[in-house]
Number of protein chains: 2
Amino acid sequence: MSQHSGSENADVEERSGPKTERGRRTLRRLLDAAGEEFGARGYHETAISHITQRAGVGLGTFYVYFKSKEEVFRALVADMGARTRHALSESVKGAANRLEAERLGIKAYLDFVRGHKALYRVVMEAQFVAPEAYRDYYRTFSAAYRQELAQAAKRGEISPGQDDEVRVWALMGASTFLGLRYGVWEDDADVVAISEAAADLMINGLAPRAKKRDASSS
Amino acid sequence: MSQHSGSENADVEERSGPKTERGRRTLRRLLDAAGEEFGARGYHETAISHITQRAGVGLGTFYVYFKSKEEVFRALVADMGARTRHALSESVKGAANRLEAERLGIKAYLDFVRGHKALYRVVMEAQFVAPEAYRDYYRTFSAAYRQELAQAAKRGEISPGQDDEVRVWALMGASTFLGLRYGVWEDDADVVAISEAAADLMINGLAPRAKKRDASSS
DNA sequence: TCGGAACCTGAATGTTGACTCATGTTTCAA
DNA sequence: TTGAAACATGAGTCAACATTCAGGTTCCGA
């Protein structure tokens with residue numbers, strides 16, 4: 001699998017990246033085109049020639065920048081992970097506590113998915129095309145999420161819970177499915193209402209509320 | 001797509017099924033072999049010849065029973081949906097109320113996934129290979145689930161919620177991800193502990209519990 | 001203004017694998 | 001017993017790419 005080729009990270013670019021401005025521009029074009037094609041037609045339906053045509057470069061040029069079809073795909077998954085984490089951490093910055101952060105996070109996630117349908121699909125498909133990249137995506141994600149929950153629990157903002165890893169995966173699954181259902185499939189539903197409903201479930205659960213003040217705002 | 005060929009369901013078998021015992025046996029062999037191959041290697045890595053070899057029949061025989069590679073795949077997805085729903089509804093039969101049903105359901109789901117990893121993978125991959133079958137799978141599932149929630153809410157067993165469709169998708173997503181994480185990836189973790197932790201989250205949410213009796217049993 | 005590094009190109013190669021078809025073989029009702 | 005419907009078969013067809021390669025072109029420091 002690995003080749004010890006001397007560079008510190010051989011996953012994204014083969015040597016150490018383009019040397020000239022022209023090269024960097026071409027690489028970006030290829031990445032963008034690949035994201036659009038993979039997102040629209042899926043990995044197996046996408047031919048390298050589709051990508052290079054969309055990018056406006058020759059077929060052979062692709063192999064100047066990538067060792068294989070799978071390599072671009074992996075690069076895209078990694079890129080998507082970074083972008084998603086960034087978007088979420090940004091959106092959650094102003095939250096007063098973890099419960100509010102969850103609320104904001106879901107909303108932001110749905111918005112993000114709607115704005116990046118193509119790349120969202122790439123991530124999902126990675127499960128079958130590049131399982132390792134897929135696992136990394138969620139491993140990185142869950143590690144950060146888990147830490148947030150642990151700290152919030154320590155602060156008493158959320159219940160201690162029985163197993164944070166389980167909670168994190170349940171929450172990621174919920175968001176992911178909602179992203180698919182309302183971000184990709186039915187992208188004209190009211191995001192605010194949906195994320196409120198979802199946050200309510202994640203925060204208060206299914207159990208009937210006792211006759212006291214509840215945690216809903218507005 | 002549809003051909004009005006006179007049978008009521010042209011999705012699984014091309015005409016109206018095998019006429020002889022021999023035929024039925026061959027069909028079953030092919031379906032089983034296909035499930036195993038697709039589950040182990042994935043759709044695109046699986047060649048028809050792999051399937052027929054595993055089934056112990058000639059290559060051409062495949063096309064006596066299926067119009068195309070995709071058709072077996074779709075048949076498998078549908079079959080898997082029916083089996084999953086059956087397993088879940090069985091497991092939930094003895095539940096005294098919906099909250100308990102959720103608890104039992106998660107446990108049963110994890111067990112089921114562990115016992116059917118191959119077919120579980122087939123369902124996931126359907127999202128890219130046969131999107132329509134995938135949607136149907138979850139559409140059918142969510143319709144039933146939704147009804148359960150609505151009735152339970154009417155009985156006061158769960159909170160009314162803001163949007164049952166959203167709740168259902170969030171819950172399905174949570175289970176699905178837990179199935180992947182603990183059913184497929186790490187299949188030696190303690191299912192009981194995991195399903196307890198998950199059920200606790202789904203039932204009580206993340207919010208810190210007030211100092212009263214909670215809803216957990218045992 | 002020269003030389004070589006970086007970049008670009010698309011025809012050609014080679015493989016793979018879904019699907020077809022002409023030709024059997026088996027089953028079974030009459 | 002028989003003929004035709006049902007079933008079985010695997011060599012051959014054919015189109016679809018991923019990847020290579022040998023031969024350019026552009027850029028830039030010396």
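In the text below, chain A, chain B and the rest are named by the order of the sequence lines, each starting its count at 1.
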Problem set entry | Residues within residues 38-50 of chain A bordering DNA chain D, heavy-atom distance below 4.0 Å | A:Thr46, A:Ala47, A:Ile48
For this session: Please report, rounded to the nearest Å, how far the C1' atom of D:dA6 is from the CZ atom of B:Arg24.
Result: 12 Å
Problem set entry | By side chain to side chain donor-acceptor pair (under 3.5 Å) - contacts of A:Tyr120 (at least two apart) | none
Exercise. Whole-Å distance between C:dC19 P and B:Tyr63 OH?
Worked result: 4 Å
Side-chain atoms of residues 123-133 of chain B: list all donor-acceptor pairs with protein atoms under 3.5 Å, sequence neighbours left out, distances to 0.1 Å.
residue	atom	partner	partner atom	Å
B:Glu125	OE1	B:Tyr43	N	3.0
B:Glu125	OE2	B:Tyr43	N	3.3

For this session: Could you tell me which residues satisfy salt bridge (Lys or Arg N to Asp or Glu O under 4.0 Å) with B:Asp190, sequence neighbours excluded, listed by chain and number?
Result: none
Do any N or O atoms of the protein come closer than 3.5 Å to N or O atoms of nucleotides 24-30 of chain D, and which pairs are they?
none

Seminar exercise, completed: Contacts of A:Arg54 meeting side chain to side chain contact (heavy atoms under 4.5 Å, CB included) (sequence neighbours excluded), chain-then-number -> A:Ala33, A:Glu36, A:Glu37
Show each protein N/O and nucleotides 9-12 of chain C N/O combination with a separation under 3.5 Å, one pair to a line.
residue	atom	partner	partner atom	Å
C:dT9	OP2	A:Gly58	N	2.6
C:dT9	OP2	A:Thr61	OG1	2.9
C:dG10	N7	A:Gly60	N	2.9

Exercise. Rounded to whole angstrom units, what separation is found between the NZ atom of A:Lys67 and the P atom of D:dT20?
Worked result: 11 Å
Exercise. Residues two or more places apart in sequence or in another chain: which of them pass side chain to side chain contact (heavy atoms under 4.5 Å, CB included) with B:Leu104?
Worked result: B:Ala95, B:Glu100
Problem set entry | Those residues that, when tested against A:Arg85, pass side chain to side chain donor-acceptor pair (under 3.5 Å) (two or more places apart) | none
Problem set entry | All side chain to side chain donor-acceptor pair (under 3.5 Å) counterparts of B:Arg167, not counting sequence neighbours | B:Ser159, B:Asp164
Seminar exercise, completed: Sorted by chain and residue number, the side chain to side chain donor-acceptor pair (under 3.5 Å) partners of B:Gln151 (sequence neighbours excluded) come out as none
Exercise. Can you check the B:Glu21 CD to D:dC7 P distance for me, whole Å?
Worked result: 11 Å
For this session: In whole angstrom, give the distance that lies between atom OH of A:Tyr65 and atom P of D:dT19.
Result: 18 Å
For this session: Output yes when A:Arg103 and A:Asp200 qualify as a salt bridge under the 4.0 Å nitrogen-oxygen rule, no when they do not.
Result: no
For this session: Please report, rounded to the nearest Å, how far the C1' atom of D:dT19 is from the CZ atom of A:Phe66.
Result: 15 Å
Exercise. Once you round it to whole Å, what is the distance between C1' of D:dG10 and CD of B:Gln53?
Worked result: 12 Å
Exercise. To the nearest angstrom, how far is B:Ile51 atom CD1 from D:dG10 atom C1'?
Worked result: 17 Å
Exercise. How would you list, by chain and number, every residue that makes a salt bridge (Lys or Arg N to Asp or Glu O under 4.0 Å) with B:Arg181, sequence neighbours excluded?
Worked result: A:Glu165, B:Glu186
For this session: Please check the phosphate of D:dA18 (OP1 and OP2 only) for any side-chain N or O of A:Ser68 closer than 4.0 Å.
Result: no
Exercise. Ignoring hydrogens and geometry, is there a side-chain-to-backbone donor-acceptor pair from B:His50 to B:Ala47 under 3.5 Å?
Worked result: yes
